[in-house]
Amino acid sequence: MSGNLNAKDNVYVPKVYSKKLDELIEDKNTNNIAVTAPYDSGKTTMLKSYFKNKENKYKWYVKKTNKFIDRINRIKKYFFFQPNLLANIKDYEFINIPNFFNTIGDEENQKASSKDGEKEDFNTENDRNKINTEIELEKSIIEQLLYKPNTNKYPDSNLSRLKVRSKSSILYSFIYFIFVVSYLIRLFGKSSIFLWFNSLPIWNNYIFQLVSVAVIGIGTWKTFNSIIHTISHIKVHASTKMGPVELSGDTDHDKGPVIDLFNYYGDELQYYFHRNNIRVVVFEDLDRFNTPLIFQKLHELNSNLNKSGNSITFIYSLKDKVFSVKGTETSAAALKAKFFDAIIPVFPIHSYRDSSKTFISESEQYGFVNMNSENKENYFKERDEELEEKKASGIKINEKYLKGLGLYIFDTREIKNIISETYFYFAELPLKMFQEEKGGDSNAINKLLAMMVYKNEFPDDFDNLASGKESKLEKFINGIADVKSVLINKEVEKNNEKINELNSKIEELKSKLVSDTDTLMAIRM
């Protein structure tokens, strides 16, 4: 749709990503997956499209049910302008917590602007801001998970939520009430005023009797179920001397200990996953808050959920530099590799360097330009078509580079991740780039490995490089020409000195030459 700023869910997903995600989600030992790339590299679009395609692989009866639900919802919206009556059946959930206006501020800038006498106060205030942010993030995540419109699906929840009863539910309750009262009158109404009511021919109708049994049976079950859940709530409230829990966290930690909301609402979260079909939760934009501790808490939450019998996978969409934490002995690459069970780098087909293509493709939709720009979807399809050819082409990393890296990188997980990311990028780059006979570079695979090492070891600088900001690597590469020029100039100067020295010797020898023949003959004699 022209002008739609939301992430799409209908783009082509490269096979290397879809197969890997299928494999990881099915693996019970893989519970925390990272999808990494710079901002605006298509992470959300890829994930949304992947899960949308995954819905086509649901069981046939689930797909039929979802189609029926969509039809019912469309009818309700068309005639009554009201929200959806039913929610689609799906096994994934997206949690998006945008941070459009960062209120914490940049720590380095604040340090630079703070006075020497205020450093201690600044650190205290900064720590307080970080804790407040973590609590607010926890609260937002829990709210997006637990505050669902269908509260009847979670009758044992202790959260205080407004229960909206639909008109159909009220109508059914009214019919149930009428049937129960009617049968009570028929059974116990012996007075003459009820004789006409008891003698109605409808009581002997077979269909009416079946409907009555069904209505009363279902209604009695719902009533009994409601009573059971109400009694359990009364017991909980009586034992804890409290009413329904409200989702909140005291962010003023000077007043007392800070509440870990994931632990505090742990039972609610386990109950939520136990009662629904969600098995994959995708977290977006958490890295924008610059609070790495939230990932540690989510890791613990995932572990607790899976220990309780659920099989839940968390997918984190983020930048590589999220674990670039100052003051730690462990490198960002090692921290990232230890935290996640698997890491999938999204190949950034577009960047600030070719943003003109986005301008052209968007203008095409309005008819401002001719339809002749490069199609990104075709790009990935072409890479998929030549993937097998790549594998059979014999392109290999030179072993000397691997041995050289082994002298500096020791963490096994980190090594595995670097090689894995090299493969992902290799799969999404054109084959001709690696073939010298087609104008490529036979050393390209080794250069790609070097870039993946740099991506993992220096994520901050790699992110600057990808987003067009000032980068140390770019400075170094651009400075190579200057270094070459300096070296060449030095060699030229040395050679010129030698030439001048030789010319001086030649001139000296020339001065010693004898031009008179008689004198020369006398010398010879």
Are any non-hydrogen side-chain atoms of [X] and [Y] less than 4.5 angstrom apart?
X	Y	result
Asp285	Asn96	yes
Asn417	Lys336	yes
Asp441	Lys447	yes
Phe424	Ile344	yes
Glu501	Lys505	yes
Phe283	Val281	yes
Ile25	Phe51	yes
Val280	Phe314	no

For the atom pair [atom1] ([X]) and [atom2] ([Y]), what is the distance rounded to the nearest 0.5 Å?
X	Y	atom1	atom2	answer
Leu286	Phe289	CG	CZ	7.0 Å
Leu449	Ile418	CG	CD1	7.5 Å
Tyr58	Asn88	OH	CG	9.5 Å
Leu145	Ile142	CG	CD1	8.0 Å
Phe339	Asp341	CZ	CG	9.0 Å
Leu402	Lys396	CG	NZ	12.0 Å

For Asn398, enumerate each residue passing the side-chain hydrogen bond (donor to acceptor under 3.5 Å, both in side chains) test, keeping only those at least two apart in sequence or located in another chain. none

So for atom [atom1], which belongs to [X], do other residues, nucleotides or ligands contribute more than 12 heavy atoms lying within a distance under 6.0 Å?
X	atom1	value
Lys63	NZ	yes
Phe68	CZ	no
Glu437	CD	yes
Asp267	CG	no
Glu300	CD	yes

Nearest heavy atoms of [X] and [Y], plus distance in Å:
X	Y	result
Leu429	Met433	CD2-SD, 3.9 Å
Asp9	Ser49	C-OG, 3.2 Å
Glu428	Lys390	N-NZ, 4.0 Å
Asp287	Ser317	OD1-O, 4.1 Å
Thr30	Asp27	OG1-OD2, 3.0 Å
Lys455	Pro345	NZ-CB, 3.9 Å

What donor-acceptor contacts under 3.5 angstrom involve side-chain atoms of residues 492-499, with partners at least two apart or in another chain?
{"unit_1": "Asn495", "atom_1": "ND2", "unit_2": "Glu491", "atom_2": "O", "d": "3.2"}
{"unit_1": "Asn496", "atom_1": "ND2", "unit_2": "Val492", "atom_2": "O", "d": "3.2"}

In plain terms, say whether [X] and [Y] are close enough for a salt bridge, that is, a side-chain N and a carboxylate O under 4.0 Å apart.
X	Y	answer
Lys15	Asp384	no
Lys20	Glu23	yes
Asp22	Lys54	no
Lys403	Glu399	yes

Evaluate Ser18 against Asn53 for side chain to side chain contact (heavy atoms under 4.5 Å, CB included), listing each step before the verdict. CA-CA 9 Å; Ser18 58; Asn53 294 336; over 6 Å; no

Please name the residue in the list Asn32, Leu137, Ile141, Ile95 that meets the side-chain contact (heavy atoms from CB on, under 4.5 Å) test with Leu298. Ile141

Less than 3.5 Å apart, any donor N or O on the side chain of [X] or [Y] sitting next to an acceptor on the other?
X	Y	result
Ser471	Asp461	yes
Thr44	Glu284	yes
Tyr12	Asn378	no
Asn443	Asn446	yes

Below 30° counts as parallel, above 60° as perpendicular, anything between as tilted: where do the rings of Phe426 and Tyr423 land? tilted

Side-chain ([X]) to main-chain ([Y]) donor-acceptor, under 3.5 angstrom:
X	Y	answer
Ser140	Glu136	yes
Asp411	Ala334	no
Glu134	Thr291	no
Lys338	Arg413	no
Thr45	Gly42	no

Tell me, with the steps shown, if Lys139 and Glu143 meet side chain to side chain contact (heavy atoms under 4.5 Å, CB included). CA-CA 6 Å; Lys139 181 180 175 182; Glu143 283 176 345; 3.3 Å; yes

Would you please indicate if the ring centroids of Phe462 and Phe458 are separated by under 6.0 Å? no

Can you list the residues that meet the side-chain contact (heavy atoms from CB on, under 4.5 Å) rule with Lys64, with sequence neighbours excluded? Trp60

Flag this pair as yes if the NZ/CZ of Lys90 is under 6.0 angstrom from the six-membered ring centre of Tyr92 and inside a 45 degree cone about the axis; otherwise no. yes

Using the ring of Tyr379 (Phe, Tyr or Trp, six-membered ring only), decide whether Arg383 places NZ or CZ under 6.0 Å from its centre and within 45 degrees of its axis. yes

By the definition side chain to side chain donor-acceptor pair (under 3.5 Å), identify the one residue from Asn310, Asn302, Asn304 that meets it with Asn306. Asn302

Would you please test Arg279 and Thr313 for side chain to side chain contact (heavy atoms under 4.5 Å, CB included) and show each step? CA-CA 6 Å; Arg279 291 297 170 264; Thr313 301; over 6 Å; no

May I have the step-by-step check of side chain to side chain contact (heavy atoms under 4.5 Å, CB included) for Glu421 and Ile343, ending in yes or no? CA-CA 8 Å; Glu421 292 196 8; Ile343 300 171; 3.6 Å; yes

